[in-house]
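Input: a single structure, listed below in C-alpha cells.
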Amino acid sequence: MALVIYNTLTRKKEAFTPLHPERVHMYVCGPTVYGHPHIGHAKSYVSFDAVVRWFRYLGYRVKYVQNITDVGHLTDDADEGEDKIEKKAREERLDPWEIAQYYTWSYFDDMDALGVLRPTISPHATGHIIEQIELVKTLLEKGYAYEVNGSVYYDVCKFPEYGKLSGRRLEELEAGARVAVNPEKKHPFDFALWKRAEPGHIMRWPSPWGEGYPGWHIECSAMSMKYLGETFDIHGGGIENAFPHHECEIAQSEAATGRPFVRYWMHNNMVTVDGTKMGKSLGNFVTIKDALKDYSPLTLRFFILSSHYRSPVDYSAQALEGAQKGLERLHNSVRHLYRALQKATDSSDVSSPFSIETFQRRFEKEMNDDFNTPKAIAVLFDFSRELNKYLHQPGPHHKPFLQEAERFYQVFAGEVLGLLPEEVTREPSAPIQQMVEKLIQLTVEVRGELRRRKLWPLSDKIRDQLARLGIVIKDRPDGSSEWEIGE
RNA sequence: GGCGCCGUACCCAAGUGGCUAAGGGAGAGGUCUGCAAAACCUCGAUUCGGCGGUUCGAAUCCGCCCGGCGCCUCCA
C-alpha cells in the first residue's frame, strides 16, 4: 500500500507522490527562540521526526528544512506590540542576540534528548534578511504590497485565494474581527512584510524603505523557497499556525512566484495539560526540561507517538505513567530477545515459529496510512507478545529467526520510531563500561551463592542496594539471576 | 458571532459502512517463585455521549440535543 497523507489544503487523505523522484522536500515551522521549548514543541517535532524517519525508511532522500525564528515575531496582534525576543532580552537584561542564541541551544539540547534527528538545514531568520527584502521587493513590484511610512504591508484583497488553507473568507474574518485596526493598513487583515524600526529597537537592518525588520510570516516563505524551491512537497507545523501564519505564507509565496507553493500541508494537533490548553498566563506551562525531571526522554517520545499526530493529546501524570510502563514492556521483550540470542544455537532442525514478515507488512501498512504511529506501536506489541511466547518455551531457539526478530526491532522500534534506548542498541561497550558490567556480574554471582545457602536477608540487602543505584535484579525460576539498568 | 475538532471499557488510545470494537496502563484469577520483579496464560466494552433518521447493515453517514476543546489575536 502506498503512502497516503492527510492534506489540510484539500481536507482529505491523498496518495503521496514527490515532485522529484525519490526525493522529499519538506519544511516545518521551527521555534521562536525566546524561551525553553515546551511539550507542545515536543509533540510537533517528535511527530515530524517520525515522518522524516518514515520517508527515509521508504527510501526517499529527505531535505528537511526547519527554521529558527530569531526576529520579527511580535507579542501582540495586528502587527503591533513588541518583538518577543527583544521583550525577553529586556526582562533578562541580555541583548536579543544572546537570547536567541541561548534558547536556540536549549531547543537543540531538548530535541537531541528526545531523539529528534536534526533537520538537514536549520536556517535563521536573521541570516536571511537579504532574501526577505528581495521577496518584499518582488511583492511590491507585482502590486501585492504597499509601503506606508517605512513599513510594507501585504494587500490581502489582491490575493483572491486568501483563506483557502484555513477555510476562511475575508468577509467572514472581517465580521468577527476582534483586532484593533492598524491605521496604516488598507484592510484589517493586511499583514506586515517589513516593519519600520522605532527608536530603541535593537534588531534592525537597512532596507529600501529605511531601517526596519522583517515581519514574521515572510521568513518562512523566503527560507523555504530558497532551500526547497518555489514549489515543494511538504509543509508542516502546528494546527494553530494554519491561520494566519500559513495562510500568509501561501499568499506571499504564490503571489511572488505565480506557482503553487506547497503540495501537502500537514498540521499536528495541540497538547493540553490536565485537560486545558497550555498557556503562560494559566500557569500550566510544562517545558520539556520540566517533563524530563519526571520521565525519561523515551517515555515522553513514546507518549507522543502513542496518539496520532492530528489528534490532540492531554499531558497528565496518569497517562505518562501508563506510557512508561508500556515502554518498559517493549524494552523487556527486546532484552529477552538479546539474552536468548546469546544462548541460541545455529541448529537448523528447529523452524521459525511465526512469520516476522507479516508483522513488517502490518507495520508498513499502518505507517503508510498517514503515519499512524499508534497502530504501528500496537503492531510492535503484538509482535512482542508472539515473540515472548516463543522465548518462554524451553530452547533450543532458532538463531536465524532470532536474528531476524532483532532486525525487526532495530529497524521499526529503533530507526523508524526511535524508541529503543542506547543500552539495548549500543555497540560493544567501552573498556570502563565493560569493567562496570563485570563488577555487577561479580556482585550478582556472589549474591547467587548467598541465595544457594539461603542467606535471604543478606541477598535481599544486595538486591535493594543495587536497586538504589538503578541496577535491577530479576531472579529466574532456575535459580539464576539477570540484571539490567532500570529505566 | 464565524470556522473546525472531539466525546470509544476505571485511565490512555486506534478504528470512520459489514470478518470476534486494535494496542498500552490499571484490575481479577492462574503458571513460575524463599520473597520481590519480570515473563507467560486466562478474564474484561453485546457496545462506541443522548435521541431520532438513512441503510439489508452504523461507533463509523445525516439531523437535533448534551458535554469538552481548538482557531478566529502571539503560540508547536
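Here is how names work: the chains are called A, B, and so on, in the same order as the sequence lines, proteins then strands, and each is numbered from 1.
- Comparing B:A45 with B:C61, their C1' atoms sit 23 Å apart, to the nearest whole Å.
- Heavy-atom distances to RNA chain B give each of A:Lys389 and A:His38 a nearest nucleotide, and the one nearer the 5′ end belongs to A:Lys389.
- Sequence order on RNA chain B of the closest nucleotides to A:Thr272 and A:Asn388 puts A:Asn388 first from the 5' end.
- Side-chain nitrogen and oxygen atoms of A:Asn332 include none within less than 4.0 Å of the OP1 or OP2 phosphate oxygen of B:A38.
- Spacing between atom CZ of A:Phe371 and atom P of B:A13 amounts to 22 Å, rounded to whole angstrom units.
- Listed nucleotides B:A14, B:A38, B:A76 differ in distance to A:Cys29; the shortest reach to its side chain belongs to B:A76.
- Relative to the side chain of A:Ser44, the nucleotides B:G34, B:A76, B:A13 differ in distance, and B:A76 lies closest.
- Using N1 to N3 plus N6-O4 or O6-N4 for Watson-Crick, or N1-O2 and O6-N3 for G-U wobble, each under 3.5 Å, B:C32 pairs with nothing.
- B:G67 and B:G49 are spaced 16 Å apart, taking the P atom of each and rounding to whole Å.
- Taking the six-membered ring wherever Trp is involved, the centroid distance between the rings of A:Tyr64 and A:Tyr27 does not fall below 6.0 Å.
- Under 3.5 Å, the side chain of A:Asp460 and the base of B:G34 form at least one donor-acceptor pair of N or O atoms.
- Using a 4.0 Å heavy-atom criterion, one finds that A:Val28 contacts no nucleic acid atom at all.
- For B:G24, the OP1/OP2 oxygens have no side-chain nitrogen or oxygen of A:Lys325 closer than 4.0 Å.
- Put simply, CE on A:Met266 is 14 Å from C1' on B:A76, counting in whole angstrom units.
- Rounded to an integer number of Å, the gap from CG of A:Leu419 to P of B:G24 is 15 Å.
- Separating the P atom of B:G1 from that of B:C62 is a span of 22 Å, rounded to the nearest Å.
- Nucleic acid contact for A:Gly40: base, since at least one base atom lies under 4.0 Å from a heavy atom of the residue.
- Between A:Met270 atom CE and B:G4 atom C1' there is a gap of 13 Å when expressed in whole angstrom units.
- Looking at the side chain of A:Lys474, the nearest of the listed nucleotides B:A38, B:A14, B:G34 is B:A38.
- Per the geometry, CZ belonging to A:Phe363 stands 15 Å off C1' belonging to B:A22, to the nearest Å.
- Among the protein residues, A:Lys43 comes within range of no part of the nucleic acid, since none of its heavy atoms lies under 4.0 Å from any strand.
- Atom pair A:His245:NE2 and B:C74:P shows a separation of 11 Å (rounding to whole Å applied).
- Side chain A:Arg463 to base B:C35: a donor-acceptor pair is found below 3.5 Å.
- To the nearest 0.5 Å, atom OG of residue A:Ser151 and atom OH of residue A:Tyr213 are 7.5 Å apart.
- Heavy atoms of A:Tyr45 sit under 4.0 angstrom from primed sugar atoms or phosphate atoms, though from no base atom.
- Checking side-chain atoms of A:Arg447 against main-chain N and O of A:Ile462 turns up no donor-acceptor pair under 3.5 Å.
- Rounded to a whole angstrom, the distance from the P atom of B:C43 to that of B:G15 is 26 Å.
- When heavy atoms are screened at a 4.0 angstrom cut-off, A:Ile473 is found touching base atoms of the nucleic acid.
- Of the candidates B:G23, B:A13, B:A22, the closest approach to any side-chain atom of A:Lys375 belongs to B:A22.
- Among all heavy-atom pairs drawn from A:Val379 and A:Phe359, the shortest one is CG1-O, 3.5 Å.
- Listed candidates were B:A76, B:A14, B:G24. Nearest to the side chain of A:Val271 is B:A76.
- Between the CZ atom of A:Phe354 and the CZ atom of A:Phe383 there is a distance of 4.5 Å, given to the nearest 0.5 Å.
- Nucleotides B:G68 and B:C12 place their P atoms 16 Å apart, quoted to the nearest Å.
- Nucleotides B:G63 and B:C56 place their C1' atoms 22 Å apart, quoted to the nearest Å.
- Residue A:Ile377 holds its CD1 atom at 12.5 Å from CG of A:Asp382, rounded to the nearest 0.5 Å.
- Taking the six-membered ring for Trp and the full ring otherwise, the centers of A:Tyr6 and A:His308 sit at least 6.0 Å from each other.
- Nucleotide B:A45 is matched to nothing when pairs are restricted to Watson-Crick or G-U wobble geometry with both distances under 3.5 angstrom.
- For the P atoms, the distance linking B:C48 with B:A59 amounts to 7 Å, nearest Å.
- Shown here, B:G63 forms a base pair with B:C51; the pair counts as Watson-Crick or G-U wobble because both key distances fall under 3.5 Å.
- A:Leu305 places its CG atom 12 Å from the P atom of B:A14, with the value rounded to the nearest Å.
- The side chain of A:His392 has B:C40 as its nearest neighbour among B:C40, B:A76, B:A14.
- Taking 3.5 Å as the limit, the base of B:G24 and the side chain of A:Arg329 contain no donor-acceptor pair of atoms between them.
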Practice problem: Check the pair A:Phe302, A:His331 against ring pair (Phe, Tyr, Trp, His ring centres under 6.0 Å), reporting the backbone distance first and the verdict last. | Solution: CA-CA 12 Å; A:Phe302 179 83; A:His331 288 171; 8.4 Å; no

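- Judged by Watson-Crick or G-U wobble contacts below 3.5 Å, the nucleotide B:G57 has no partner.
- A salt bridge links A:Arg53 with A:Asp49: at least one charged nitrogen is closer than 4.0 Å to a carboxylate oxygen.
- Looking at heavy-atom distances under 4.0 Å, A:Ser316 makes no contact with the nucleic acid at all.
- For the residue pair A:Gln66 and A:Gly30, the shortest heavy atom distance occurs at CG-CA, 3.8 Å.
- Side-chain N/O atoms of A:Arg385 include one lying less than 4.0 angstrom from OP1 or OP2 on B:G24.
- Base pairing of B:A38: no nucleotide in any strand meets the Watson-Crick or G-U wobble criterion (both distances under 3.5 Å).
- Of the nucleotides present, none pairs with B:C74 by Watson-Crick or G-U wobble criteria with both distances under 3.5 Å.
- Using N1 to N3 plus N6-O4 or O6-N4 for Watson-Crick, or N1-O2 and O6-N3 for G-U wobble, each under 3.5 Å, B:G4 pairs with B:C69.
- Phosphate proximity of B:C6 to A:Ser311: absent, as no side-chain N or O sits under 4.0 Å from OP1 or OP2.
- Taking 3.5 Å as the limit, the base of B:C5 and the side chain of A:Asn269 contain no donor-acceptor pair of atoms between them.
- The phosphate of B:G15 (OP1 or OP2) has a side-chain N or O of A:Asn372 nearer than 4.0 angstrom.
- Taking side-chain N and O atoms only, A:His41 has a distance below 4.0 Å to OP1 or OP2 of B:A76.
- A:Asp475 comes within contact range of at least one nucleobase, with a heavy-atom separation under 4.0 Å.
- Within 4.0 Å of A:His308, counting heavy atoms only, lie sugar-phosphate atoms of the nucleic acid but no base atom.
- Taking the P atoms as reference points, B:C74 lies 47 Å from B:G53, given to the whole Å.
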